[in-house]
Asker: 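Below is a structure I'd like to ask you about.
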Amino acid sequence: MLFKGGTVYTPEGARHADVLVADGVITRVEPGLEPSGRVVDARGLYVLPGGVDVHVHSRDPGFPEKEDFASLTEAAAAGGVTVVVDMPNTVPAVDSAGVLEAKAALARSKARVDFGLWGLIRSSSTAQDLEEMAAAGAVGFKAYLAYSFSLSRKQVLYSPGVDDPDLEAPADYGTLARLAPAVARLGLPLAIHAEDPTVLAAFQRPLLTYGDLLESRPPEAEAVALSAAAAVAREAGVHLHVAHLSSALGLQTAEDAMRVGTELTLETCPQFLLLSADDFDRVGSAMKMLPPIRTAADRAALVDGLRRGVISIVSTDHAPHTDEEKSRSFAEAPAGSPGVQTLYLSCLQLAKDMGDVWLAPRWVSEAPARLVGLEQSKGAIAPGYDADIALVDPKGTTTVAAHEMRSRQRHSVMAGRRFDFAIREVFLRGELVGATHGRMVRPALVFG
Ligand code: DOR
Ligand code: ZN
């Protein structure tokens, strides 16, 4: 199979080349290759590595009315994302190898694109739990620093712990310090939801307006959590990954930690780069998420961090709740929104507006693939890599319409937005997406 005549984004930069594929794997990337089988006409198109979204919430198992692996991966495929990495806050939460294996089997039966799974760190987790999850294929481990765990429901709860015997205390910095050496030994990343519970407690209030949401989740919560976790990570020599970075203060704190040698990756999301609190009147509760979409100044700082390469990953925090739930009053609407389908388009637009469209595949594919240990198979158009390819038309346009979302939910914070690109065709391991099942991806260097 040959992708002929396109502009290919390769690890060495963009070039006019043909891409030869055999058995789902890229074998050659050169101009003037002769076809011997099927030819895909890529003239006038960008040939990009499929997106790797390292932050999605499939809701599967747990909340099929919100999403499942089928609807999640259809949305991903429609947006040029060929690997999704699912967060562990499904129900039962992924806190052991057994739960991870059951979730993997479920995902295999439904997924249209490849998928990876994060494991959960609970305050009661042991090093052995993590070792077993790593052996079962976890890409890394996530700690939710401000969220307790319901023992009866086996669920991470998006409310700080109260005095309830059913609620296990959130993982805290002590948990991280205790388990970081084990994570470092496994060679996997330690990811955090960076909100400090004591800061949140000090600012807790009823959420009647968007302003209340911002005040209840100040940037200090992000910065404090990030700085404490960075100290722990540096001491243990573990790779710290900061999910959904949202604030200028968080960015500055992360940069301070990097300057003293902390191994740290920053992920932010399209909604933090393209929207600010000023958009709330137009967008409404679809915009309610945690951490929140903050001020225009925060947004500008994040865009600048991305431009400077300090923030290397853009993933979505695709977190669907039902259209009905999201249409409740602001106080009642749950936090989180779908986003995987508009990830690549958002980033292409942002990169184009910055003056270098080829930054997009780095943020959306190359850097996230490296984070989750897939740097030998995903994230690049080069010999030896899976032929996960998004064909993008730089002369097309896409106006985001909520009813065209393939997620089970039809709302989008990007609704109405126009992008100067259109995704034409998406291939997974050399096959048109949909023609083949997704497989589970595992980090190449476990125990390495
Ligand atoms: O807004 C959010 N929703 N933030 C999170 O961190 C989790 C997510 C969810 O799972 O709904
Ligand atoms: Zn999330």
Side-chain angles (χ1 to χ4, degrees), residues 53-68 72 84-94 116-121 139-150 153-160 170-171 189 191-197 200 207 210 213-214 216-217 221-222 225-226 241-247 250 266-272 275 277 280 283-294 313-323 325-326 328 330-340 343 368 371-372 407-409 411-413:
D53 189 337
V54 295
H55 193 156
V56 301
H57 296 274
S58 68
R59 311 303 193 198
D60 198 5
F63 300 99
E65 70 284 7
K66 296 179 197 269
E67 194 79 294
D68 73 357
L72 165 72
V84 289
V85 189
D86 201 44
M87 285 297 168
N89 66 334
T90 38
V91 187
V94 181
L117 301 176
W118 290 96
L120 177 70
I121 289 185
V139 302
F141 303 99
K142 170 97 173 269
Y144 291 88
L145 295 169
Y147 298 112
S148 49
F149 186 82
S150 165
R153 289 150 70 182
K154 299 186 182 310
Q155 186 181 351
V156 175
L157 282 189
Y158 290 100
S159 60
I192 54 165
H193 176 112
E195 289 192 293
D196 178 86
L200 296 188
L207 302 182
Y210 198 78
L213 180 69
L214 286 181
S216 73
R217 301 274 169 163
E222 184 167 82
L226 207 163
H241 177 66
V242 180
H244 50 48
L245 186 77
S246 66
S247 69
L266 296 176
E267 157 204 310
T268 192
C269 314
Q271 58 272 27
F272 298 139
L275 284 84
F280 180 73
V283 178
S285 290
M287 249 178 82
K288 183 175 176 185
M289 59 186 67
L290 303 171
I293 296 171
R294 301 182 192 273
I313 294 175
V314 185
S315 282
T316 61
D317 198 6
H318 176 94
H321 296 283
T322 68
D323 294 323
E325 288 170 316
K326 291 297 274 185
R328 295 177 192 164
F330 187 71
E332 302 280 312
S337 254
V340 70
L343 170 66
L371 172 72
V372 293
S407 164
R408 191 145 296 164
Q409 309 313 322
H411 55 272
S412 164
V413 298

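As the structure lists them, so they are numbered: ligands from 1, and atoms in each ligand from 1.
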Asker: Considering distance alone, does some N or O of Pro291 sit under 3.5 Å from an N or O of ligand 1?
Answerer: no
Asker: List the steps, then state whether side chain to side chain contact (heavy atoms under 4.5 Å, CB included) holds for Arg294 with Phe272.
Answerer: CA-CA 7 Å; Arg294 301 182 192 273; Phe272 298 139; over 6 Å; no
Asker: Test your reading of the structure: does Ala335 have an N or O sitting under 3.5 Å from an N or O of ligand 1?
Answerer: yes
Asker: Among all protein heavy atoms in this structure, tell me which lies nearest to atom 4 (N) of ligand 1, with the distance rounded to 0.1 Å.
Answerer: Leu290 O, 2.7 Å
Asker: Tell me whether Arg408 is salt-bridged to Glu65, with the criterion being a basic N under 4.0 Å from an acidic carboxylate O.
Answerer: no
Asker: At less than 4.0 angstrom from any non-hydrogen atom of Ala319, what atoms of ligand 1 do you find?
Answerer: 3 (N), 8 (C), 9 (C), 11 (O)
Asker: Relative to the Zn ion (ligand 2), which of the N, O or S atoms in Asp317 is the closest?
Answerer: OD1
Asker: Do the ring planes of Tyr147 and His193 sit parallel (below 30°), tilted (30 to 60°) or perpendicular (above 60°)?
Answerer: perpendicular
Asker: Salt bridge or not for Glu325 and Lys66, using N-O below 4.0 Å?
Answerer: yes
Asker: Measuring to the Zn ion (ligand 2), does His193 have an N/O/S atom at a distance below 2.8 Å?
Answerer: no
Asker: Between Arg59, Met87, Met289, flag the one that comes closest to atom 9 (C) of ligand 1 by a heavy atom.
Answerer: Arg59
Asker: Contact between Pro291 and Glu222 at the side-chain level, heavy atoms closer than 4.5 Å - yes or no?
Answerer: yes
Asker: Give the atom numbers and elements of ligand 1 that come within less than 4.0 Å of a heavy atom of His244.
Answerer: 6 (O)
Asker: Could you see which bit of Lys288 sits under 4.0 Å from ligand 1, with heavy atoms only: side chain, backbone, both or neither?
Answerer: neither
Asker: Flag His321 as yes when one of its N or O atoms lies below 3.5 Å from any N or O atom of ligand 1, and as no otherwise.
Answerer: yes
Asker: Is the ring centre of His318 less than 6.0 Å from the ring centre of His55?
Answerer: no
Asker: Before giving the answer on side-chain hydrogen bond (donor to acceptor under 3.5 Å, both in side chains), spell out for His57 and Asn89 the whole-Å C-alpha distance, their side-chain angles and the decisive distance to 0.1 Å.
Answerer: CA-CA 8 Å; His57 296 274; Asn89 66 334; 2.7 Å; yes
Asker: Hey, could you give me the CG/CD1 distance between Leu145 and Ile192, rounded to the nearest 0.5 Å?
Answerer: 5.5 Å
Asker: With only distance considered, is Asn89 within less than 3.5 Å of ligand 1 through an N or O on each side?
Answerer: yes
Asker: Look at the N, O or S atoms of His57, main chain and side chain alike, and state whether any lies under 2.8 Å from the Zn ion (ligand 2).
Answerer: yes
Asker: Under 4.0 Å from a heavy atom of His193: which atoms of ligand 1 are those, numbered in the order shown and with their elements?
Answerer: 6 (O)
Asker: Cation-pi check for Tyr210 against Lys288: NZ or CZ below 6.0 Å from the six-membered ring centre and within 45 degrees of the axis, yes or no?
Answerer: no
